[in-house]
Amino acid sequence: MPHVLDILEERGFIEAKTHGQELFDWLGAEGRTCYVGFDPTAASLHIGHLIPVMALAHMQRCGHRPIALVGGGTGLVGDPSGKTEMRQMLTPAAVRANADALKAQLARFIRFDEERALLLNNADWLVSLSYIDFLRDIGRHFSVNRMIKAESYRMRLDSDEGLSFIEFNYMLLQAYDFLELFRRCDCRLQMGGSDQWGNIVAGIDLVRKVCQEPAYGITFQLITTASGAKMGKTAAGAVWLDAERTPPYAYYQYWVNSADADVARFLALYTFLPMKEIREVAGLRDADLNLAKTVLAFETTQIVHGRQAAVEAMEAARCMFGARAVPVDLMPSSSIPRQGGTQGEEDAVPCTDLAVDAVAAGLPLFKLLQATGLSPSGGAARRLISQGGAYVNGQRVESPQQLVTMADFQNDGLLLRTGKKHFHRVRLKKVQPGEKED
RNA sequence: GGUGGGGUUCCCGAGCGGUCAAAGGGAACAGACUGUAAAUCUGUCGGCAAUGCCUUCGGAGGUUCAAAUCCUCCCCCCACCA
């Protein structure tokens, strides 16, 4: 079996690690326990969380035992690391609800059956801590002189806003988590984003001081897109793993729209396809690269939303954009369907129902653009049309006054498009007499 | 608690009585070029069935024909002092 550190290194995960050779040797044996913490600041993970999640999945595939630690306790405090502003404080009830939601999503990546991975919540040991005991047992091992020199606090200590005492304590709590997991599960490795370096090292030191045992840490690269933007940040907000927040189609589209320069890197980080095949992608040029983007989008969507949703998203995209089928010899390990697929599968495209009555008299198109959410306001829709950016059934709309009529509907359906890549279907809905339209 | 400096449209940031829906930049959106890429150029970028009307410049009042701009009170942030 290949060594997990080699895999993570080769695929571009690792930014820094402690104890180079010693860590390598320790991971050389099977069944090592490692962990990553996820604070439940929202009811869903987003793309930014994917790197540590994938890393845990690689750990498991290499025969180790990952722990996903949901921060039900630390989430009540809020990590200031690398943050320019203080986090909004969440109510304990919200933190609990979020923690439950995260568990379900993590199970997409990691198998938790038969103790092959653990899902723990640090609220189980943090919430009941006694202040004085904690200060005496844990707090005495921390040097404030050292803490204020930590890079992760630098931004806040230098800022106008400052650092509140509750946030200053976060490092101790996370260090205590590591100690607790070491004691409970013999967990000796903590991983996290590059902003977690300070917190991880604090935990390593604490384990050594309290138990005189070695512990290790790995931090991951901060992944940005080729244009320098944070992963998963769009104008509409984060790209979520929750299908309610980001539908599979939109999730798929996010990945298809990756920049050329990112494709190979993202395939390595966000899929499990073999590196040998990914390296071949580097030889692709121009439009051929789009095929690799299709594989990337399909694979990542499949992991998060399942095969069915991934196929639907891909078919919808193929239908809308008319992309070529992925050839058999491109990344053969991918389970992406290679044939043209079924015709006209548009189900994944966002859709709005419209009552016949509303159309019968003629509905101004700009109203419809607004109603479907393609335009944020009527004015924006009018501007869009006059700039030539609106299309009905593939036909450019010429005038802002244009009406949508029954003639525009084929099989009770109509396809709106704005710009190059925003599609929305409209379905005619026959309202029975006496039936109320919402 | 004292003194001083601030809170402007998605973000940064100008404006300091009419010419302000508010400069400039960024983000975003559309068009052209393309490959659902990048870069570039052009346009748009509070709302409204719209040559006009309405709502915005921390909040509430006030002065004025006219207020983001002046006055009063309040809230919040920052710096220095205690």
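The structure presented is a predicted model; accordingly, all values stated were derived computationally and were not measured. Chain naming here is simple, since letters A, B, ... match the order of the sequence lines and numbering starts at 1 in each.
Between A:Leu363 and A:Ser227, the residue anchored closer to the 5' end of RNA chain B is A:Ser227, taking for each the nucleotide with the nearest heavy atom. Position along RNA chain B of the nearest nucleotide to A:Met314 versus A:Leu384 favours A:Leu384 as the more 5'-ward residue.
Here A:Gln401 lies out of heavy-atom contact (under 4.0 Å) with every strand. Within the nucleic acid shown, A:Thr418 comes within 4.0 Å of sugar-phosphate atoms alone, with no base atom in reach, counting heavy atoms only. Nucleic acid contact for A:Gly419: sugar-phosphate only, since backbone atoms but no base atoms lie under 4.0 Å from a heavy atom of the residue.
Counting to the nearest Å, the C1' atom of B:rU36 and the CG atom of A:Asp260 are 11 Å from each other. A:Lys420 has its NZ atom 9 Å from the P atom of B:rA32, to the nearest Å. Put simply, CG on A:Asp262 is 14 Å from P on B:rA37, counting in whole angstrom units. Residue A:Met320 contributes atom CE, which lies 12 Å from atom C1' of B:rU36 at whole-angstrom precision. Note: CZ (A:Phe423) to C1' (B:rA30) measures 15 Å, nearest angstrom. Atom CG of A:Leu415 is separated from atom P of B:rU36 by 16 Å (rounded to the nearest Å). Between A:Tyr249 atom OH and B:rU36 atom P the separation is 13 Å, expressed in whole Å. One atom, NZ of A:Lys367, and another, P of B:rA49, lie 4 Å apart when rounded to the nearest Å.
Nucleotide B:rC29 forms a Watson-Crick or G-U wobble pair with B:rG43, both donor-acceptor distances falling under 3.5 Å. B:rG24 is paired with B:rC12 under the Watson-Crick or G-U wobble criterion, all donor-acceptor distances under 3.5 Å. Pair assignment for B:rA79 gives B:rU3, based on Watson-Crick or G-U wobble hydrogen-bonding distances that are each under 3.5 Å. Across all strands shown, B:rU34 has no partner, as no Watson-Crick or G-U wobble contact with both distances under 3.5 Å is found.
Annotation: B:rG24 and B:rG31 have their C1' atoms spaced 24 Å apart (nearest Å). Nucleotides B:rC12 and B:rC80 place their C1' atoms 26 Å apart, quoted to the nearest Å. Atom C1' of B:rG4 sits at a distance of 22 Å from the matching atom of B:rG13, rounded to the whole Å. Look at the C1' atom in both B:rC53 and B:rG2: the space between them is 49 Å, to the nearest Å. The C1' atoms of B:rA27 and B:rC11 are separated by 7 Å, rounded to the nearest whole Å. Rounded to whole Å, the separation between the P atoms of B:rA37 and B:rU44 comes to 23 Å. The separation of B:rU69 from B:rA22, taken at their C1' atoms, amounts to 11 Å, rounded to a whole angstrom. For the C1' atoms, the distance from B:rU9 to B:rG46 is 7 Å, rounded to whole Å.
Closest to the side chain of A:Asn290, out of B:rU36, B:rG31, B:rA30, is B:rU36. With B:rG35, B:rU36, B:rC48 as the choices, the nucleotide that has an atom nearest any side-chain atom of A:Ser377 turns out to be B:rC48. Looking at the side chain of A:Arg382, the nearest of the listed nucleotides B:rU36, B:rG31, B:rA50 is B:rA50. When the nucleotides B:rU44, B:rA49, B:rC48 are ranked by their closest atom to the side chain of A:Gln370, B:rC48 comes out on top. In the set B:rG31, B:rA30, B:rG35, the nucleotide with an atom closest to the side chain of A:Lys293 is B:rG35.
Judged purely by atom type and a 3.5 angstrom limit, A:His58 has no side-chain atom pairing as donor or acceptor with the backbone of A:Leu8. Of the possible donor and acceptor atoms, none in the side chain of A:Arg338 sits under 3.5 Å from a partner among the backbone N and O of A:Asp329.
One cannot find a donor-acceptor pair under 3.5 Å joining the base of B:rG31 and the side-chain atoms of A:Gln387.
Within the 6.0 Å centre-distance limit, the rings of A:Phe321 and A:Phe423 are counted as a close aromatic pair.
OP1 or OP2 of B:rA37 has at least one side-chain nitrogen or oxygen of A:Lys421 nearer than 4.0 Å. A sub-4.0 Å separation between OP1 or OP2 of B:rA30 and a side-chain N or O of A:Tyr391 is absent. Dashed line: the shortest gap from a side-chain N or O of A:Arg396 to OP1 or OP2 of B:rA32 is under 4.0 Å.
Residue-environment remark: CZ (A:Arg146) stays at or below the threshold of 12 foreign heavy atoms within 6.0 Å. Counting heavy atoms of neighbouring residues, nucleotides and ligands inside a 6.0 Å radius, atom CG of A:Asp133 exceeds 12 of them. Within 6.0 Å of CZ on A:Arg111 lie no more than 12 heavy atoms contributed by other residues, nucleotides or ligands.
Between A:Leu129 and A:Tyr176 the shortest side-chain heavy-atom distance falls below 4.5 Å.
In this structure, the separation between CD1 on A:Ile14 and CZ on A:Phe220 is 7.0 Å, given to the nearest 0.5 Å.
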